[in-house]
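Step one of this worksheet: look at the structure below.
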Amino acid sequence: MSGVFGRVFGKSKEQSQASALASIDKLSETLEMLEKKENLLMKKANLEVEKAKAFTKAKNKKAAIQCLKRKRLYEQQVEQLGNFQLRIHDQMIMLEGAKATTETVDALRTGASAMKAMHKSTNIDDVDKTMDEINDNMENMRQIQDLLSAPIGAASDFDEDELEAELADLEGEELEAELLAPTTTAPTTAPVRVTAQPSRTPAQSSKTEDDELAALQAEMAM
């Protein structure tokens, strides 16, 4: 039964939208026709003005007045057509606004239907069950990782507290050695001045060698 109503209302909605579009198209055509008539009447009114000027130059006052009367009639028709165009514009705006409103409502209705269908396919109990399964799997994975990372064999017999204390002792000894280490500074060396030795003459060199030889012989004789 609901399917029948859906088809009926759906068809009615499509017909309504098609009718709105047809009405807008008809109003547009009418507006275009009125604009053409308005332009034609304005040309005729301008022509009557030119005729009135010509009759005035010809001293034909009566004919000039008749031209001005026709001009005013044309102007009245132009004003009337302008009012028609305003009404048509107003109706077109209303129809376009109604069409936009209908399309917006249809879009909102479609979104609401989709959301309702999603809620039907999703049960809160199923969500809770899924979250519980995820939490259980994560807990099992943590337990497996803890088992794999636990030490086995000889390494499992080590006392962690003793190892921490031993490491603290080593760090203390290292710090103490650094504090007791003497601070040495690189000695500064003064620049050595090299003085030029006077060159020896051959006679002075020979005399010095004789003196050294005599002193050596005296030491040996003792």
State, to 0.1 Å, how close A45 and K71 come at their nearest heavy-atom pair, and which atoms those are.
-> O-CG, 3.6 Å

Co-membership, hydrophobic cluster, residues L41 and M33, 4.5 Å side-chain | yes

same_hphob_cluster(L95, F84) at 4.5 Å side-chain heavy-atom cutoff = yes

Output the distance between atom NZ (K43) and atom CG (L47), rounded to the nearest 0.5 Å.
-> 11.0 Å

CA sep, side-chain torsions, deciding dist, call: E103, K99, side-chain contact (heavy atoms from CB on, under 4.5 Å) = CA-CA 6 Å; E103 292 175 350; K99 180 174 177 294; 2.6 Å; yes

Output yes when a side-chain donor or acceptor of D90 lies under 3.5 Å from a complementary backbone atom of L86, and no otherwise.
-> no

Considering all heavy atoms, the nearest M42-V78 contact | CG-CG2, 3.8 Å

Side chains of K69 and I65: does their closest heavy-atom pair fall under 4.5 Å?
-> yes

Please indicate whether E35 has more than 12 foreign heavy atoms, meaning atoms of other residues, nucleotides or ligands, lying under 6.0 Å from its CD.
-> yes

Residues R72, E75; criterion salt bridge (charged side-chain N to carboxylate O under 4.0 Å, His left out); working and verdict = CA-CA 5 Å; R72 290 192 177 183; E75 289 176 345; 5.6 Å; no

same_hphob_cluster(I88, I24) at 4.5 Å side-chain heavy-atom cutoff | yes

Pairwise distance CD1(I93) to CD(Q91) - rounded to 0.5 angstrom | 11.0 Å

Out of curiosity, R142 CZ to L147 CG, how far, rounded to the nearest 0.5 Å?
-> 13.5 Å

Quick one: closest heavy-atom pair of K51 and C67, and the distance?
-> CB-SG, 3.5 Å

Distance (rounded to the nearest 0.5 Å) between E166 CD and E164 CD | 10.5 Å

Spatial distance of atom CG (D132) from atom CG (N137) [nearest 0.5 Å] = 11.0 Å

Given the rule in the salt bridge (charged side-chain N to carboxylate O under 4.0 Å, His left out) test, do E48 and K44 qualify, once you have shown the distances and angles that lead to the verdict?
-> CA-CA 6 Å; E48 293 298 331; K44 288 182 177 182; over 6 Å; no

Would you kindly confirm whether L148 and M141 end up in one hydrophobic cluster when ILVMFWY residues are joined by side chain heavy atoms under 4.5 Å apart?
-> no

Nearest-0.5 Å distance, OG of residue S113 to NZ of residue K116 | 7.5 Å

